[in-house]
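The structure that follows is given in the form of structure tokens.
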Amino acid sequence: MNPGVTTTDTIAAIATPVGSGGIGVVRISGPQALWIARRVTRRSRDPKPRYAHLARVYDGNNELIDQALLLFMPGPGSYTGEDVAELSCHGGPVALRRVLDSILAAGARPAGPGEFTLRAFLNGRLDLAQAEAVADLVAAPTPAALAVAANQLAGRLSDAVRNMRAACLDLLAQMEAEVDFDEDEVPAMDRAVVAATLESLDQRLEDALASAGRGIMQRHGLRVALVGSPNVGKSSLMNALLSTDRAIVTEIPGTTRDVLEESFDLDGVPIVLNDTAGLRETHDPVETLGVERSSRALESADAVVLVLDASRPLLGNDETAAARVHRAAKPTIVTLNKRDLPHAVRADDVRDFVPGAPIVHTAAIREDVNELRQALRHVIGLAGADGGLALVASVRHQEALTRARDELAGARRAVADDEPSDFVSIGVRGAISALGEITGESATEDLLDVIFSKFCIGK
Ligand SMILES: Nc1nc2c(ncn2[C@@H]2O[C@H](COP(=O)(O)OP(=O)(O)OP(=O)(O)O)[C@@H](O)[C@H]2O)c(=O)[nH]1
Ligand SMILES: [Mg+2]
């Protein structure tokens with residue numbers, strides 16, 4: 001699809017959420033927007049662009065529906081790049097529905113999900129990564145997710161991708177000139193220069209990709225399972241992290257039978273906690289089902305907290321739980337809970353449980369969970385040298401960048417093997433295409449469908 005495509009029909013939708021509110025906005029975009037806005041407000045003259053005009057809104061039978069503010073934004077300098085009219089009405093669902101019906105009766109068509117933003121993309125007002133950021137901004141569950149989306153909308157990722165793509169295009173143009181013309185017209189490119197350019201591009205791609213894991217977590221959050229043998233304090237830790245009495249805590253081993261799920265916000269990143277049933281061999285049918293669910297929670301978690309009771313010697317159940325967590329091979333934090341009691345277990349005793357995993361101390365009963373919070377920050381990448389907001393925050397962008405890197409690796413091999421320029425070009429062309437999928441230059445219609453169908457109507 002080419003940016004700059006002109007659309008012929010005019011679309012309309014309620015742009016504010018369903019329900020009652022102080023104000024509700026109905027948006028119209030397309031060549032008929034001005035005419036339709038004048039029609040439903042019975043205005044005899046064009047509204048002045050970008051000025052708020054008090055207007056009455058009528059239905060097709062001349063019946064008054066509402067009083068509204070009419071705002072007209074002519075294309076191409078509008079959100080969609082087309083003529084846009086917005087009516088800020090009283091925000092009742094019936095009033096808004098009737099205003100929309102009147103607009104549809106005057107000739108507009110109901111907008112599909114994300115269709116305003118799709119038009120903005122097709123008309124070159126936003127690139128694809130920015131259009132995706134619009135949906136992310138609306139859906140952002142936490143401040144960190146919002147900040148990532150706001151940066152993407154401002155073009156931080158797009159600029160980086162476009163610069164890399166421009167460098168590839170430049171290289172390709174030079175190589176094609178070399179193939180198309182005689183040697184005496186265009187001097188053959190210095191292979192060392194080509195190799196250096198490819199290497200610098202590879203480094204830029206690696207840097208962008210290095211932030212992807214962290215960015216995806218900042219955007220979607222992290223699912224963390226609290227796992228361990230019975231009675232070690234998993235539910236107490238959940239409550240301490242949430243600062244509520246969400247989970248039932250008793251001194252009876254086997255209290256938690258089902259997986260509990262609750263979210264909290266860690267420095268702006270959504271963390272979904274799963275408290276699980278203690279892992280042990282049992283003949284109780286209810287507890288057996290609970291233990292099976294614990295295993296599933298462990299499998300679907302992004303990270304695991306292995307909880308141990310530091311106040312009593314380690315038991316076989318602890319070792320079995322540790323072995324399962326180790327096998328799951330996920331980012332893991334080992335916590336020695338009940339630090340308020342005399343110690344029977346030290347960090348060195350459990351160092352081999354999950355090799356490399358950080359070991360922290362907590363006393364859930366006193367809400368002393370700061371070390372655990374800090375360890376979680378490290379897992380998310382909010383702490384440490386590479387902290388801060390990530391450039392890449394979506395799996396789609398991560399995949400496209402990975403493809404671009406692999407294509408360029410092919411080009412680098414061709415240079416190293418002294419292959420002719422056309423072989424080098426193949427990889428460079430592949431990278432150009434992969435990078436263009438992020439910003440939209442090489443996006444297919446199917447891809448656009450997938451992306452925009454996730455939007456809400458009216459956006
Ligand atoms: N002293 C002390 N007791 C704790 C601490 N954390 C939990 N407990 C106690 O340990 C017992 C078990 O706590 P729970 O949070 O129910 O343990 P659990 O791991 O969820 O147990 P199950 O659900 O049976 O697997 C309760 O009596 C808690 O009050 C702690 O940090 N210090
Ligand atoms: Mg429990």
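In listed order, ligands and their atoms are each counted from 1.
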Fill in the blank from the handout: among protein heavy atoms, the one nearest atom 8 (N) of ligand 1 is Lys338 CE, 3.7 Å
Handout entry: Any residue meeting ring-ring contact (aromatic ring centres under 6.0 Å, His included) with Phe455, in chain and number order, not counting sequence neighbours
Key = Phe452
Handout entry: Under 4.0 Å to a heavy atom of Ala363 - the qualifying atoms of ligand 1, by number
Key = 31 (O)
Practice task
May I ask you to check whether over 12 heavy atoms, not counting those of Ile248, lie within 6.0 Å of atom CD1?
Solution key: no
Exercise for the section: Starting from atom 27 (O) of ligand 1, locate the nearest protein heavy atom and write down its residue, its atom name and how far away it is, to 0.1 Å. Expected result: Glu251 CA, 3.4 Å
Practice task
Kindly confirm or rule out an N or O of Lys234 lying under 3.5 angstrom from an N or O of ligand 1.
Solution key: yes
Practice task
Give a yes or no on whether a salt bridge exists between Arg109 and Glu115, defined as a side-chain N under 4.0 angstrom from a carboxylate O.
Solution key: yes
Handout entry: Pair Asp59 + Arg98: basic N to acidic O under 4.0 Å
Key = yes
Handout entry: Nitrogen or oxygen atoms of Gly254 and ligand 1 under 3.5 Å apart
Key = yes
Handout entry: Asp275 N/O to ligand 1 N/O under 3.5 Å
Key = no
Handout entry: Ile252 near ligand 1 by a heavy-atom separation under 4.0 Å
Key = yes
Problem - Heavy-atom pair of closest approach, residues Leu226 and Thr276 - result: O-OG1, 2.7 Å
Completion exercise
Out of Val249, Thr250, Val291, Val232, the nearest non-hydrogen contact to atom 11 (C) of ligand 1 is supplied by Thr250
Practice task
Could you tell me whether Arg405 and Asp202 make a salt bridge, using a distance below 4.0 angstrom between a side-chain N and a carboxylate O?
Solution key: no
Practice task
Compute the shortest N/O to N/O distance between Pro230 and ligand 1 and return yes if it is under 3.5 Å, no if not.
Solution key: no
Practice task
Indicate yes or no: does Asp417 engage Arg413 in a salt bridge with an N to O separation below 4.0 Å.
Solution key: no
Problem - Ion pair check, Glu319 and Arg324, cut-off under 4.0 Å - result: no
Fill in the blank from the handout: Looking only at non-hydrogen atoms, the one of Asp340, Asp368, Leu260 nearest atom 32 (N) of ligand 1 is Asp340
Exercise for the section: Examine Ile248 against ligand 1 and note whether any of their N/O atoms are separated by less than 3.5 Å. Expected result: no
Practice task
Please report which non-hydrogen protein atom sits nearest to atom 17 (O) of ligand 1, along with the residue it belongs to and the distance in Å to one decimal place.
Solution key: Gly233 N, 3.1 Å
Handout entry: Closest protein heavy atom (residue, atom, distance) for atom 3 (N) of ligand 1
Key = Ile365 CD1, 3.5 Å
Problem - Ionic contact status for Asp302 with Arg223, cut-off 4.0 Å - result: no
Exercise for the section: Find out whether Leu448 and Leu128 are in side-chain contact, i.e. whether some heavy atom of one side chain is under 4.5 Å from a heavy atom of the other. Expected result: yes
Problem - Contacting atoms of ligand 1, where contact means under 4.0 angstrom from a heavy atom of Pro253 - result: 24 (O)
Handout entry: Polar atom proximity, Leu341 to ligand 1 (N or O, under 3.5 Å)
Key = no
Practice task
Mark up the atoms of ligand 1 that fall under 4.0 Å of a heavy atom belonging to Gly278, in ascending order.
Solution key: 25 (O)
Practice task
Identify which protein N/O/S atoms are less than 2.8 Å from the Mg ion (ligand 2).
Solution key: Ser235 OG, Thr256 OG1
Problem - SB check Arg403 Asp406 (cutoff 4.0 Å) - result: no
Problem - Under-4.0 Å salt bridge between Glu407 and Arg429 - result: no
Handout entry: Presence of salt bridge, Arg280 and Glu287, under 4.0 angstrom
Key = yes
Exercise for the section: Enumerate the residue pairs fulfilling side-chain hydrogen bond (donor to acceptor under 3.5 Å, both in side chains) with a member in residues 18-29, sequence neighbours excluded, ordered by first and then second residue. Expected result: Arg27-Glu86, Ser29-Thr80, Ser29-Glu82
Handout entry: Nitrogen or oxygen of Thr255 less than 3.5 angstrom from that of ligand 1
Key = yes
Fill in the blank from the handout: For atom 6 (N) of ligand 1, the closest protein heavy atom turns out to be Asn337 ND2, 3.2 Å
Exercise for the section: Considering heavy atoms of the protein only, find what lies nearest to atom 13 (O) of ligand 1 and give residue, atom and distance to 0.1 Å. Expected result: Ser236 OG, 3.5 Å
Problem - Expected output: side-chain Arg257 to main-chain Gly254 donor-acceptor under 3.5 Å - result: yes
Using atom types as modelled, flag every donor-acceptor pair under 3.5 Å from a side chain in residues 355-368 to any protein atom, sequence neighbours excluded.
unit_1, atom_1, unit_2, atom_2, d
Thr362, OG1, Thr335, OG1, 3.0
Thr362, OG1, Asn337, OD1, 3.0

Problem - Close N or O approach (Ala277, ligand 1; < 3.5 Å) - result: no
Handout entry: CG on Leu306 to NZ on Lys234, rounded to 0.5 Å
Key = 10.0 Å
Handout entry: Asn231 N/O under 3.5 Å from ligand 1 N/O
Key = yes
Practice task
Kindly confirm or rule out an N or O of Ala364 lying under 3.5 angstrom from an N or O of ligand 1.
Solution key: yes
